[in-house]
Q: 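If you scroll down you'll find the structure; I have some questions about it.
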Amino acid sequence: MEFLRKIEEKWQKRWEEARIFEANPDPVRPKFYITVAYPYPNSPQHIGHARTYTLADAYARYMRMKGYNVLLPMAFHYTGTPVLAMAKRLAENDQELIKDFVNIYKVPKEKLKELTEPLRMARYFHEEIKEGMKRIGYSIDWRREFTTVDPHYNRFIEWQFHKLREKGYIKRGSHPVGWCPKDGNPVGQHDTQGDVEPEIGEFTLIKFKHGEWILPTATLRPETVFGVTNIWVNPKAEYVKAVVDGENWIISRDCAEKLTYQNRRVVVLESLSGKELVGKTVENPATGDEIYILPADFVDPKNATGVVMSVPGHAPYDYVALENLKSEPSKLTDYKLQVDVVKNINAISIIEVPGYSEVPAADVVKRMGIQEQTDPKLEDATREVYRHEFHNGKMKANTGKYAGMPVAEAKERVKRDLMASGKATTMYELLNRPVKCRCGAECVVKIFEDQWFIDYGNPEWKALAHKCLEKMRIYPEELRVQYRYVIDWLHEKACARKSGLGTRLPWDPDWIIESLSDSTIYMAYYTIAHHIKEHNIQPDQLTDEVFDYIFLGIGNAQQIAEKTGINQKVLEAMRREFLYFYPLDSRHSAHELIPNHLTFMIFNHVAIFPEELWPRQIVTNGVVTMEGAKMSKSFGNIIPLREGLAAYGADPIRLSVLATAELLQDADFSPAVAKAMREKLEKLYRLVVQTTETVGNAETERADEALTTIDKWMLSRLQNHIKKATEAMEKLEVRKAIQTILFELDQDLQWYQKRVKNCGKTRTSIVKEVLKTQALMLAPFAPHTSEELWEIMGCGGFASLAPWPKPDETKVDIKAEESEALIMEVLEDTRNISRATKTKPQKVFYYTAAPWKWDVYLMALNKSMEGKITQSTLMMELLKNSEFKSKAKELADFINRIIEEVNQIPAEKKQRLIMIGQINEKQVLREAEDFLRSELNAEIAIFEEDEPQRYDPKSKARLARPLRPAIYIE
RNA sequence: GCAGGGGUAGCCAAGCCUGGUUAAAGGCGCAGGCUUCAGGAGCCUGUCCCGUAGGGGUUCGUGGGUUCAAAUCCCACCCCCUGCACCA
């Protein structure tokens, strides 16, 4: 571990000193521009974050070795409210947060106090993350670093929003948000107790008339209005009579207050108890039916209006409440209600759904054994009924013009129609209430007026986005449909908030552009960020004209230079650099960002930049799990990256997050994997050291000595692995690449070493060639180890900058590969026999197939290329040859034994065997004799099957087949 | 529901796109052996069932189908995971 750490530090220092990852425009080299979603510095990064960044880095390193001038920059996303919320919690001495900071994130206690200042917190984690990125060895050009609260960047975002507005993509309107009435602020997930995201739903309020008063029943299923049998109120709750936007409503007291947040004019007249309402009748506005108001405890006055319509046929709550009421007639008399009134209320069936009876609510309630309206299982029951009815249900004949309509459609239609005729309205409510603000107050829904939106619903804009998408490479390709879907489905997106860090909307500075909107085209900014720093350009010099010139080529450099005081040469250099690196060649992120960030990136690029500068590729990956479990603070299974690096080392961590899954899948991290990776690297290191030493003092190889089959085999296999790894890398299949480079190649090398160990002449030049290639191919994934090995082997220069190996076709030797396969097969067969007979071999005899068998075999292969062969046709063919006439019986026997096998060999392999022709098996076995002897721990004798002086007491020799020598063990 | 991913031997996990070289890589665990004063580590061998000769039998969520041949292709079904926004 110590030793790994030293290597890491050594190479990180050297890279930095040599500035090899600083990319500058170079017209003679092709460029490759890669970016990863910048991190949000409200906590340190953990192993999970490392996957996307490491993937991008490995890709960058690979492309660099392929000869591209690769740019991989990094910045920090300060925008938004989470960091404010966290700082505030810290300031308020939130013990839970402090515990997380100290225990999980290892923030020194004495630091905590200064982190109560939001910017300080962001800077602290910014540095923490940056340090982690350096220590894991990312090949980032740090000169271009910035944060999204830098005033220069603010200017850039202002320019972007001016552009969007010019194009007509910015809109204004109202929209609901979670709201803390006490703080007077919108609440997001990080503002609530227990970090719950406020889920806002739109209830339909259906106006049931009671004389001149209206009881607005709140429902999420307006289509069930046809199945209403009664109205529920909570007899113990407080209701009010109130004038709401000029209408007389009876609603819960809580509701009256909430409505004021939803921009309704509410005048409360008098209060009354729920009990007073019970027994009265109201009119169903959809059917005209006269129905009763009945009492139910499950009705929550804090939820929406506190008035609920009862649909016992399709709502489990209603069904159970009604049954409860029927079973307790005494309760009814309390309210001076006729017992019969309730007895005669029966569920009305209005929806038919496959797999359920007339009354789905009853089915589910009975199945779940629910007795009481307070039973929490009712939530599940409701969900089940809703799910089935919504997706598979059809409206029945008793629903008027909606009859036959799928429920999903009827739901919208009924709502629309009721609203159009003034019989319904809507109200927002938190679906997962109660949601408590961290201050303790219960959150409500507030309608924000004059909110600013980006209009992703614009059809022409969508068309451009689609066009861009279809031209892009998407990895993994399977997810392209997801992008298509998201482009179609996006609509207006609120793009500014009243609080948080970031850039103010230039034309309405009360608003701050939110984080998903100020992070869509910043890849362009990286191309000039270092110029701005280097030339000390001030924010106010960065006018829209400047950006227009740099990014769009609009205007005249000289005039802009005069106007802004920015040196004309610098302006031109920025324009050139932008044009050199743009368009973006590869964008990287986790695929959870497809529904927002990544698609927004496409939209904003197509809105602002000309087509030739649209992004070319997006790569997304799954998340990292921790020993199979999702990583989360509450599980306590988060390993901060710095901690992981300290425990396992940079290269093992890099390999761990890349080698366990391909892009689409989640990668599973575990200490065992990291440890295994580390051991693998250490082993490789020892081997390299040992090999290098051997070269130093062993007798120099004679260059003229011919390569043996096993040597050729090793070299041939090496070419295969290079090819396979390269093909995998081209498709971002890093798992496969690592598998090949680190494991498969290694296995072959081990086999090679084992094979040559006993013949006394290890060819270190071949081992070295393998190791050098392996070290190079390891560079994208385990760059520190790779550099160190490269240096030990005396290769000079940086492995990181060396060319990626190319397969040498002249070293591909299929004959050697087949010959070696023969040895493996023979060894395995021998062991198998020994096992089956339970004998420990003293002496093993091999008999290779006679030449005539080879002739027959090859002929059979040839014949079978045209189609399936049979014994008889082959026999007839062969008997034309006089040589075989004499041994027809033997021939038939032999063909019989090979025919099935030959027919099963894949065409490709047949082709190969035919090309190779006869292999001198005896010689191949002879070469491996020492090896076999030591492996089997037995004497070895090799004969050709009809060699006269052979020893063959059990007449095994005649069983010999090409590539399957006969074996006799004693 | 829509979209995506997945279900492979005791466990983790490859293979599936491009059907046959696959009883199915690799790792962990387990068993035996070597090494060691011992422990540990390392190395070797084995690890679906049967088998005194390299063989046979039964396997890759379930059920069908295509094919000379299916873990791999097609159809149906079951189960698990993720996303479905205004939040970074």
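Below, each value reflects all heavy atoms present in this structure, side chains not excepted, and no hydrogens, waters or symmetry copies. By convention in this document, chain letters (A, B, ...) are assigned in the order of the sequence lines, proteins followed by strands, and residues within each chain are numbered from 1. On a predicted model such as this, the values are computed, not experimentally measured, just so you know.
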Q: Can you find a side chain N or O atom of A:Lys683 that sits less than 4.0 Å from OP1 or OP2 on B:C43?
A: yes
Q: Could you tell me whether the phosphate oxygens of B:A13, OP1 or OP2, come under 4.0 Å of any side-chain nitrogen or oxygen in A:Lys736?
A: no
Q: Using the C1' atom as the reference point in each nucleotide, state the distance between B:C48 and B:A24 in Å, no decimals.
A: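 Here B:C48 and B:A24 have their C1' atoms 11 Å from each other.
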Q: Suppose you measure atom C1' in B:C73 against the same atom in B:C17; what distance do you get, rounded to whole Å?
A: 11 Å
Q: What's A:Pro841 touching, base or sugar-phosphate or nothing? Going by heavy atoms closer than 4.0 Å.
A: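 The residue A:Pro841 makes no contact with any strand.
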Q: Please tell me which of the listed nucleotides, B:G54, B:C17, B:C87, lies nearest to the side chain of A:Ile833?
A: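 Of all the options, the side chain of A:Ile833 is nearest to B:G54.
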Q: Should the ring pair A:His49 and A:His46 be called parallel, tilted or perpendicular, given that the plane angle runs from 0 to 90° and is split at 30 and 60?
A: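 A:His49 and A:His46: tilted rings.
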Q: Would you mind classifying the nucleic acid contact of A:Thr79 as base, sugar-phosphate or nothing, using non-hydrogen atoms under 4.0 angstrom?
A: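 The residue A:Thr79 makes sugar-phosphate contact but no base contact.
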Q: When you match A:Arg961 and A:Leu479 each to their closest nucleotide on RNA chain B, which lands nearer the 5' end?
A: A:Leu479
Q: Name the closest nucleotide to the A:Arg912 side chain, picking from B:U21, B:A88, B:G55.
A: B:U21
Q: B:C17 P sits how many Å from A:Glu733 CD, rounded?
A: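 In whole Å, B:C17 P lies 13 Å from A:Glu733 CD.
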Q: Side chain of A:Leu516 only, heavy atoms from C-beta on: which candidate in B:C87, B:G54, B:U45 is closest?
A: B:C87
Q: Is A:Asp455 paired with A:Lys493 through a side-chain N to carboxylate O contact shorter than 4.0 Å?
A: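 No, this pair does not count.
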Q: Taking only the P atom of each, what is the distance from B:A9 to B:C77 in whole angstrom?
A: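 It comes out at 25 Å once rounded to the nearest Å.
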Q: Could you check whether A:Glu514 gets within reach of a base, just the sugar-phosphate, or nothing at all, counting any heavy atom under 4.0 Å?
A: sugar-phosphate
Q: Give the nucleotide from the list B:U45, B:A88, B:G26 with an atom nearest to the side chain of A:Gln747.
A: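 Closest of the options to the side chain of A:Gln747: B:G26.
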Q: Is the phosphate of B:G15 approached by A:Arg735 (side-chain N or O, under 4.0 Å from OP1 or OP2)?
A: no
Q: Between B:C87, B:G54, B:A53, which nucleotide gets closest to the side-chain atoms of A:Asn596?
A: B:C87
Q: Using purine N1 to pyrimidine N3 plus N6-O4 or O6-N4 for Watson-Crick, or N1-O2 and O6-N3 for G-U wobble, each under 3.5 Å, what pairs with B:U18?
A: none
Q: Taking ring pair (Phe, Tyr, Trp, His ring centres under 6.0 Å) as the criterion, tell me which of A:His126, A:His77, A:His597 meets it with A:Tyr38.
A: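 Of the listed options, the one satisfying the test is A:His77.
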Q: Decide, yes or no, whether a salt bridge links A:Glu744 with A:Lys736 under the criterion of side-chain N to carboxylate O below 4.0 Å.
A: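 Result for this pair is no, no salt bridge flagged.
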Q: Is a donor-acceptor pair below 3.5 Å formed from side chain A:Asn832 to base B:G54, judging by atom type as modelled?
A: no
Q: Other residues, nucleotides and ligands only: do more than 12 of their heavy atoms fall within 6.0 Å of NZ on A:Lys462?
A: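 Yes.
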Q: Counting the atoms with a prime plus P, OP1 and OP2 as sugar-phosphate, which does A:Ala821 contact under 4.0 Å by heavy atoms, base, sugar-phosphate, or nothing?
A: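 No contact at all - A:Ala821 keeps every heavy atom at 4.0 Å or more from the nucleic acid.
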Q: Closest to the A:His491 side chain: B:G26, B:U45, B:C86?
A: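 Taking heavy atoms from C-beta onward, the closest nucleotide is B:C86.
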Q: Considering only side-chain heavy atoms of A:Ile969, which listed nucleotide, B:C87, B:A53, B:G54, is closest?
A: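 For the A:Ile969 side chain, the nearest candidate turns out to be B:A53.
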Q: Among the nucleotides B:G4, B:G83, B:A25, which one has an atom lying closest to any side-chain atom of A:Gln739?
A: B:A25
Q: Considering only B:U45, B:A88, B:C43, which nucleotide approaches the side chain of A:Arg497 most closely?
A: B:A88
Q: Across the strands shown, which category fits A:Tyr968 at heavy-atom distances under 4.0 angstrom: base, sugar-phosphate, nothing?
A: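 Result for A:Tyr968 = base.
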Q: Out of B:G26, B:U45, B:G54, which nucleotide sits closest to the side chain of A:Arg831?
A: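 Closest nucleotide to the A:Arg831 side chain: B:U45.
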